[in-house]
Participant: 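Provided herewith is a single structure, encoded as structure tokens, for subsequent inquiry.
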Amino acid sequence: MIELVKNEEIVYCIIIRSNYNKEGANFFTEQSDRMQIGSLNYKKGKLIEPHFHKKISRVSQKCAETIFIKKGKLKVNFYNSKNFDFLEYKILGPNDVMLINDGAHGFEVIDDVEMIEVKLGPYRSDDLVRRK
């Protein structure tokens with residue numbers, strides 16, 4: 001199952017639930033998005049040819065982050081990034097994956113959580129804008 005968090009037609013977040021299992025390569029972002037996320041499910045014996053990615057210059061004006069929940073439960077609150085008005089929340093559990101591409105967000109740990117976060121770098125803590 002795939003869930004989107006949107007505000008004014010802007011996709012803030014894509015959530016890939018642990019029960020998503022469509023076969024093949026399935027990407028949920030546009031080729032033009034600054035971070036790509038997809039699900040790859042193949043049967044035994046599938047061969048993915050050796051390859052590498054060419055060097056190309058990429059410029060991003062904004063950070064994106066992907067979070068993988070290994071264990072526990074995390075509540076993710078989403079806010080409008082202009083004024084921090086609350087929009088909605090989602091609860092993530094084990095093996096759920098989330099790509100945050102836009103908007104403001106905050107987390108509340110519901111059950112002890114172990115998660116992996118991948119960000120588009122470089123990352124500097126002074127780049128954060130916090131609600132006042």
Side-chain angles (χ1 to χ4, degrees):
M1 178 152 84
I2 304 300
E3 297 176 31
L4 300 178
V5 175
K6 294 170 79 173
N7 184 37
E8 299 175 2
E9 299 308 308
I10 296 170
V11 176
Y12 277 22
C13 175
I14 299 169
I15 297 171
I16 306 166
R17 294 294 182 182
S18 63
N19 63 353
Y20 183 88
N21 63 358
K22 186 176 176 185
E23 192 170 338
N26 300 285
F27 279 81
F28 313 111
T29 49
E30 300 297 325
Q31 285 186 337
S32 59
D33 288 345
R34 71 180 158 276
M35 186 173 278
Q36 307 295 303
I37 193 165
S39 173
L40 298 107
N41 294 319
Y42 299 117
K43 299 287 186 201
K44 180 179 179 178
K46 167 74 174 171
L47 178 63
I48 298 171
E49 295 293 333
H51 65 283
F52 70 93
H53 300 267
K54 297 187 286 185
K55 276 188 175 183
I56 64 168
S57 178
R58 291 182 169 103
V59 176
S60 180
Q61 301 296 314
K62 199 171 191 182
C63 184
E65 57 191 296
T66 299
I67 294 178
F68 171 74
I69 304 296
K70 292 172 56 178
K71 178 179 147 186
K73 275 191 185 173
L74 183 71
K75 180 179 180 183
V76 185
N77 294 309
F78 295 95
Y79 305 87
N80 180 309
S81 55
K82 294 176 186 161
N83 54 20
F84 284 94
D85 283 347
F86 176 78
L87 298 172
E88 64 180 284
Y89 73 89
K90 297 287 184 178
I91 305 289
L92 301 182
N95 298 315
D96 287 341
V97 179
M98 169 179 64
L99 168 65
I100 300 175
N101 214 21
D102 215 322
H105 56 279
F107 304 126
E108 180 182 335
V109 176
I110 296 173
D111 290 333
D112 292 355
V113 72
E114 291 179 17
M115 58 186 178
I116 295 172
E117 180 178 51
V118 179
K119 286 186 180 179
L120 184 61
Y123 173 75
R124 301 178 317 199
S125 60
D126 61 337
D127 289 340
L128 293 178
V129 177
R130 299 183 190 274
R131 177 173 56 187
K132 300 199 189 289

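We're numbering straight along the sequence, starting at 1.
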Participant: Determine, step by step, whether Ile67 and Ile116 satisfy the side chain to side chain contact (heavy atoms under 4.5 Å, CB included) criterion, reporting the C-alpha distance in whole Å, the side-chain angles of both residues, the deciding distance to 0.1 Å, and the verdict.
Facilitator: CA-CA 6 Å; Ile67 294 178; Ile116 295 172; over 6 Å; no
Participant: Does the side chain to side chain contact (heavy atoms under 4.5 Å, CB included) test come out yes or no for Phe68 and Thr66, once each step is laid out?
Facilitator: CA-CA 7 Å; Phe68 171 74; Thr66 299; 5.9 Å; no
Participant: Identify the heavy atoms of Tyr20 and Asn41 that sit nearest to each other, and give their distance.
Facilitator: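 Where Tyr20 meets Asn41 most closely, the heavy atoms are O-ND2, 4.3 Å.
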Participant: If we ignore hydrogens and angles and just use 3.5 Å, is the side chain of Asp111 paired with the main-chain N or O of Lys73 as donor and acceptor?
Facilitator: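 Between the backbone of Lys73 and the side chain of Asp111 there is no qualifying donor-acceptor contact (under 3.5 Å).
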Participant: Parallel, tilted or perpendicular: which describes the rings of His105 and Phe107, with under 30° parallel and over 60° perpendicular?
Facilitator: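 Correct class here is tilted.
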Participant: Examine distances only and state if a side-chain atom of Thr29 and a backbone atom of Ile37 form a donor-acceptor pair shorter than 3.5 Å.
Facilitator: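 Answer holds: yes.
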Participant: From Glu65 CD over to Met35 CE, what is the distance, rounded to the nearest 0.5 angstrom?
Facilitator: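 The CE atom of Met35 is 8.5 Å from CD of Glu65, to the nearest 0.5 Å.
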Participant: Should Leu40 and Phe28 be regarded as members of a common hydrophobic cluster, given that ILVMFWY residues are connected when their side-chain heavy atoms come within less than 4.5 Å of each other, either directly or indirectly?
Facilitator: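 No; tracing contacts between hydrophobic side chains, which count when under 4.5 Å, never links both residues.
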Participant: Would you mind writing out the side-chain donor-acceptor pairs for residues 86-102 within the sub-3.5 Å range, not counting sequence neighbours?
Facilitator:
unit_1 : atom_1 : unit_2 : atom_2 : d
Lys90  : NZ     : Glu3   : OE1    : 2.9
Asp96  : OD1    : Ser18  : N      : 2.8
Asp96  : OD2    : Arg17  : NH1    : 2.8
Asp96  : OD2    : Gly93  : N      : 2.8
Asp102 : OD1    : Lys62  : NZ     : 2.5

Participant: Around atom NZ of Lys71, are there more than 12 heavy atoms from other residues, nucleotides or ligands closer than 6.0 Å?
Facilitator: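 Open.
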Participant: If every non-hydrogen atom of Met115 is compared with every non-hydrogen atom of Ile69, which pair is closest and at what distance?
Facilitator: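 Residues Met115 and Ile69, closest heavy atoms: CB-CD1, 3.9 Å.
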Participant: Please say whether more than 12 non-hydrogen atoms of neighbouring residues, nucleotides or ligands are located less than 6.0 Å from CD in Glu117.
Facilitator: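 For Glu117, atom CD is crowded (more than 12 foreign heavy atoms under 6.0 Å).
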Participant: Donor-acceptor pairs under 3.5 Å, side chain of residues 7-16 to any protein atom, not counting sequence neighbours: which ones?
Facilitator:
unit_1 : atom_1 : unit_2 : atom_2 : d
Asn7   : ND2    : Tyr12  : OH     : 3.1
Glu9   : OE1    : Lys6   : NZ     : 3.3

Participant: Are there over 12 heavy-atom neighbours, none belonging to Asp112, within less than 6.0 Å of that residue's CG?
Facilitator: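 Counting neighbours around CG of Asp112, 12 or fewer heavy atoms of other residues, nucleotides or ligands fall under 6.0 Å, so no.
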Participant: For the residue pair Glu49 and His51, what are the closest heavy atoms and their distance?
Facilitator: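 Result for this residue pair: O-ND1, 3.0 Å.
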